[in-house]
Amino acid sequence: MSVQLPDDPARDDVLAGRPALWLNPGLKADGIAEPGLPVRAAQVAEAETNWQRLAPLLQTCFPELAAAGGRIQSALIEAKALRNALGYQGADYGRVFVKADGDLPVAGSIKARGGVYEVFMHALKMAEKRGILTPGGDVTVLAGEQARALFAQHTIAVGSTGNLGLSVGIAARALGFRAVVHMSADAKQWKVERLTRLGVEVVRHQADYTTAVEHARIDAEADPSIYFVDDERSQMLFFGYSAAARELAAQLDAAGVTVDAEHPLFIYLPCGIGGAPGGAAYGLKAIFGDAAHAFFVEPVQSPCALVHMMSGAAELVSVYDVGLSNRTEADGMAVARMSEFVAEVMRPLLSGVFTVADDDLFRWLWQAHSTQAIRLEPSAAAGFAGPEFVVASPRGRDYLRAHGLRDKAAQATHVVWTTGGAFVPEQQFQQFLQRGAALVGG
Ligand SMILES: *Cc1c(COP(=O)(O)O)cnc(C)c1O
């Protein structure tokens with residue numbers, strides 16, 4: 001298939017694989033209340049309640065969560081030395097923060113918010129159905145003998161470029177499920193090895209992410225003992241991620257940040273298939289409404305959300321359809337075709353999408369580490385382009401003008417969502433740093 005993208009100021013740069021900012025013409029005031037969306041804002045609160053219910057079980061399965069009472073949370077770090085290194089020292093950049101999901105416990109990436117949630121909720125429902133857990137009863141029975149014996153007869157499967165596989169595999173094995181992870185060719189060897197050590201069966205495909213997911217789906221359809229975590233369609237994943245919004249809102253409040261019409265909040269979220277950034281953005285729009293401005297960020301060769309949403313087509317448009325390669329070092333974002341479900345939900349909510357070159361990812365990775373000891377994998381650094389695009393680029397200025405924000409820049413808050421890194425082996429991380437240092441000239 002070959003697709004013609006509509007006339008748009010960003011189109012030529014996107015097609016040429018150059019960094020660009022695309023503004024979403026579908027963004028609506030009070031978009032969260034848009035009729036006809038397949039989800040409701042009340043589902044965010046339900047997910048928060050579910051996470052709370054799971055907390056004692058999570059703490060039992062993952063002792064590293066004890067200090068946080070069984071909650072899987074990350075810090076919000078104000079970028080001080082880092083903002084200077086990035087060139088964001090001017091008052092026009094307001095305050096700049098990093099939401100450090102790269103340090104998330106259990107899975108070492110933002111996927112801990114989605115994959116762990118879906119696996120644990122699946123286990124909870126299965127245990128309730130079998131009478132092992134009574135409604136409202138003590139969830140720690142799921143870590144007991146009887147529940148483990150049940151889970152051992154069931155399999156959880158997923159397709160992944162790496163991190164979702166890690167999160168689902170770790171969660172499934174912690175409860176005693178069998179786990180099968182279908183990995184795309186982009187998957188890094190260390191992620192495969194880590195899963196194999198946990199007793200997860202890894203099936204490697206010499207193909208892209210979409211194909212890996214397809215294989216996992218077909219296997220699961222043929223066997224009722226396999227539960228398939230469907231990254232392309234799962235609302236469970238989406239709402240697991242969405243609960244991050246309440247956590248961020250509390251942290252902003254504690255940092256003395258006001259978010260309202262006079263004090264806009266800009267959020268920059270690395271996007272692969274769209275579930276993680278979509279869920280977090282949805283949760284933030286549910287809390288802050290039009291005061292929150294959510295942007296996705298993608299690699300220049302893998303801008304699947306950008307090209308699909310820009311196309312305006314009903315049928316999914318992939319990056320291949322417009323002549324891009326889907327080749328990137330940012331394995332967490334090496335996705336050629338976004339989730340149709342997420343596209344539909346984000347249509348009235350997303351402010352825009354920008355793209356970044358791989359070299360910049362390594363430069364920012366090095367800067368984040370050398371200034372504030374923030375440990376990232378390449379995908380996770382993508383959001384650092386956000387403040388520059390919004391505050392200083394012609395399209396960003398158009399956006400600010402259209403939303404009456406030109407004179408509010410100094411009162412704004414920018415949150416760069418960093419999405420993975422804690423589990424990267426030291427040797428691999430040193431290689432990332434070397435590549436970044438060479439690019440910075442350090
Ligand atoms: C998965 C992932 C993303 C993107 O999440 P999607 O749900 O695929 O859009 C971004 N960064 C990292 C590090 C990831 O693992």
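Residue numbers run from 1 in the order of the sequence given. Quantities reported herein were computed from a predicted structural model and do not represent experimental measurements. Atoms within each ligand, like the ligands themselves, are counted from 1 in listed order.
- Evaluated by nearest non-hydrogen atom to atom 4 (C) of ligand 1, the leading choice among Gly383, Ser379, Gly272 is Gly272.
- In this structure, Ile273 counts as a contact residue of ligand 1, since one of its heavy atoms falls inside 4.0 Å of the ligand.
- Proximity of a side-chain donor or acceptor of Gln367 to a complementary backbone N or O of Leu86 within less than 3.5 Å is not detected.
- Between Phe354 and Trp22, the ring centre distance reaches or exceeds 6.0 Å.
- Not one N or O on the side chain of His293 forms a donor-acceptor pair closer than 3.5 Å with the backbone of Ser351.
- Distances below 4.0 Å separate heavy atoms of Ala276 from the following atoms of ligand 1: 5 (O), 6 (P), 7 (O).
- Inclusion of Gly275 in the set of residues having an N or O under 3.5 Å from an N or O of ligand 1 is warranted.
- Considering backbone and side-chain atoms together, Gly274 places an N or O closer than 3.5 Å to an N or O of ligand 1.
- A side-chain donor from one of Tyr268 and His414 sits under 3.5 Å from a side-chain acceptor of the other.
- With Arg435 as the partner, the salt bridge (charged side-chain N to carboxylate O under 4.0 Å, His left out) test is satisfied by one option alone out of Asp360, Asp359, Asp358: Asp359.
- Protein heavy atom in closest approach to atom 1 (C) of ligand 1: Lys111 NZ, 1.2 Å.
- Geometric assessment of Arg395 against the ring of Phe389 yields a negative cation-pi assignment under the 6.0 Å and 45° thresholds.
- The atoms of ligand 1 that sit less than 4.0 Å from any heavy atom of Asn163 are 13 (C), 14 (C), 15 (O).
- Heavy-atom contacts of Pro270 reach the following atoms of ligand 1: 4 (C), 10 (C) (cutoff under 4.0 Å).
- Less than 4.0 angstrom separates some heavy atom of Pro277 from each of these atoms of ligand 1: 5 (O), 6 (P), 7 (O), 9 (O).
- Residue nearest to atom 12 (C) of ligand 1, selected from Asp331, Thr419, Thr418, Leu237: Thr419 (by heavy-atom distance).
- For Cys271 against Glu298, the heavy-atom pair with the smallest separation is SG-OE2, 3.5 Å.
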